[in-house]
Amino acid sequence: MPELPEVETIRRQLEPVVQGRRVLEADSHPSAKFVPAREIVGSRFGSVGRRGKYLLAALDDEHELVIHLGMTGTLRSVERPTSEDPYVRARWWLDDGRVLEMRDVRRFGRIRVVPAGEHGTIPTLRDLGPEPFDPDFDGEQLWRALRASRRRVKTQLLSQRPVAGLGNIYADEALWLARIHPGARRVSRRQASELREAVRTVLGQALDHGGTTLRDYRSVDGRQGDNQGRLACYGRAGLPCLRCRTTLVARTYEGRTTTWCPACQRR
DNA sequence: CGGGGTTCCTGGCCGC
DNA sequence: TGCGGCCAGGAACCCC
């Protein structure tokens, strides 16, 4: 899915498209995941924010539109609806004549409208960890958060609780950079500190390059990301580690393929 | 409650 | 060419 760098790239492009625009009409796929898109007819968009992988668009200072893009979701602004595209799941007609479309092949994305700031009914958003670039996010905080559970560090990162915004790609990248075994069930203060640095480095680099496009990801302007050629670990099982040349290995943890270097990421 | 398995979807790719 | 099986960037939900 779009992870933090991809969602942030989308946010930056989306805000100037919708801010100040009133929604004249809306339509959606009949699934309950998308039907709330229809609730915002008549509302005017304010600023567009982001928490973790969630887009939060203010509406008339009273509500907010919460969009999660799931695995394959994208947003785009078009001159007129693209009727030939069967994967458009929601569509908003704006008062400047443009149409905002959410496309999502697998339909793992979700749309909700909630009173401003009230995220309690969205489980992962309610329990979301700190933003990785928040000045308050430090190694000590991450160490404490990881210590609170005995689950594998990889699994914990995907839960969004210790820190917001990592998915399978950047979790593997950050653990590789910090030299931490993804299956570890506890990490030291020092490791947590290195992981905090690695998370920022990996996400910052991806953001600088417009995100990672493996297949579906596009930003609002339709462009692919440019970070896929810079991945050091994710998807490289069987290839040499870029630090020590040992062959990277992969296995499944809690249903997610995980890649790491058996030499420089020891338990 | 924390943890783990299941479920929601479609498409691409591989092997037979 | 056709088809079955497997895999894919996520998280909500249900049950123990």
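In what follows, chains carry the letters A, B, and so on, assigned in the order in which the sequence lines appear, proteins first and then strands, with residues in each chain numbered from 1. In what follows, every heavy atom counts, from backbone to side chain, and hydrogens, waters and symmetry copies are set aside.
- Distances shorter than 4.0 Å separate none of the side-chain N or O atoms of A:Tyr234 from OP1 or OP2 on C:dA8.
- Inter-residue side-chain proximity for A:Gln191 and A:Leu195 is flagged as unmet; no heavy-atom pair is nearer than 4.5 Å.
- OP1 or OP2 of C:dA8 has not a single side-chain nitrogen or oxygen of A:Thr72 nearer than 4.0 Å.
- In A:Arg161, the CZ atom is not crowded: 12 or fewer heavy atoms of neighbouring residues, nucleotides or ligands sit closer than 6.0 Å.
- The distance from atom CG of A:Asp216 to atom P of C:dA8 is 14 Å, rounded to the nearest whole Å.
- Comparing the same atom, P, in C:dA11 and in B:dG12 gives a spacing of 24 Å after rounding to whole Å.
- Rounded to whole Å, atom C1' of B:dG12 lies 14 Å from atom CE of A:Met71.
- Between A:Tyr253 and A:Trp260, the two ring planes are parallel [angle under 30°; tilted spans 30° to 60°].
- Side-chain atoms of A:Gln228 and A:Tyr217 include no donor-acceptor pair closer than 3.5 Å.
- Counted by atom type alone, A:Gln205 and A:Asn227 present one or more donor-acceptor pairs between their side chains at under 3.5 Å.
- The nearest whole Å value for the distance from the NE2 atom in A:His29 to the C1' atom in B:dT10 is 11 Å.
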* Asked: Could you walk me through whether A:Lys53 and A:Glu3 pass the salt bridge (Lys or Arg N to Asp or Glu O under 4.0 Å) check?
  -> CA-CA 6 Å; A:Lys53 308 176 197 173; A:Glu3 306 179 33; 5.4 Å; no
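- Heavy atoms of A:Tyr54 sit under 4.0 angstrom from primed sugar atoms or phosphate atoms, though from no base atom.
- In this entry the distance linking CZ of A:Phe34 with C1' of C:dA11 reads 13 Å, nearest Å.
- Side-chain atoms of A:Thr212 and A:Tyr170 include a donor-acceptor pair closer than 3.5 Å.
- Distances shorter than 4.0 Å separate none of the side-chain N or O atoms of A:His68 from OP1 or OP2 on C:dG10.
- For the residue pair A:Arg38/A:Ser28, the side-chain donor-acceptor check at 3.5 Å is satisfied.
- The interatomic distance linking A:Asp104 (CG) with B:dT10 (P) rounds to 11 Å, in whole Å.
- The CZ atom of A:Arg126 sits 10 Å away from the P atom of C:dC13 (whole-angstrom rounding).
- For A:Arg185, the CZ atom is densely surrounded, since the number of other residues' heavy atoms within 6.0 Å is greater than 12.
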* Structure fact -> Reading nucleotides 2-8 of chain B from 5' to 3' and marking B where a protein heavy atom lies under 4.0 Å of the base, S where only the sugar-phosphate is that close, and - otherwise, the string is -SS---B
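- Closest approach to the A:Asn168 side chain among C:dC13, B:dT10, C:dG10 is made by C:dG10 (side chain taken as heavy atoms from C-beta onward).
- The gap from the P atom of B:dT6 to that of C:dC6 amounts to 15 Å, rounded to the nearest Å.
- The separation between A:Arg103 atom CZ and B:dT10 atom P is 13 Å, rounded to whole Å.
- Between A:Gln160 and C:dG10 there is no side-chain N or O to OP1 or OP2 distance below 4.0 Å.
- Protein atom CE of A:Met102 is 14 Å distant from nucleotide atom P of B:dC9, rounded to whole Å.
- Residue A:Thr124 places its side chain closer to C:dA11 than to any other of C:dA11, C:dG10, B:dT10.
- Remark: DNA chain B forms stems of 3 or more consecutive Watson-Crick or G-U wobble pairs, all pair distances under 3.5 Å, at B:2-8 with C:10-16, B:10-16 with C:2-8.
- When heavy atoms are screened at a 4.0 angstrom cut-off, A:Ser31 is found touching no nucleic acid atom at all.
- Residues A:Thr74 and A:Leu69 share a closest heavy-atom pair of N-CD2, 4.0 Å.
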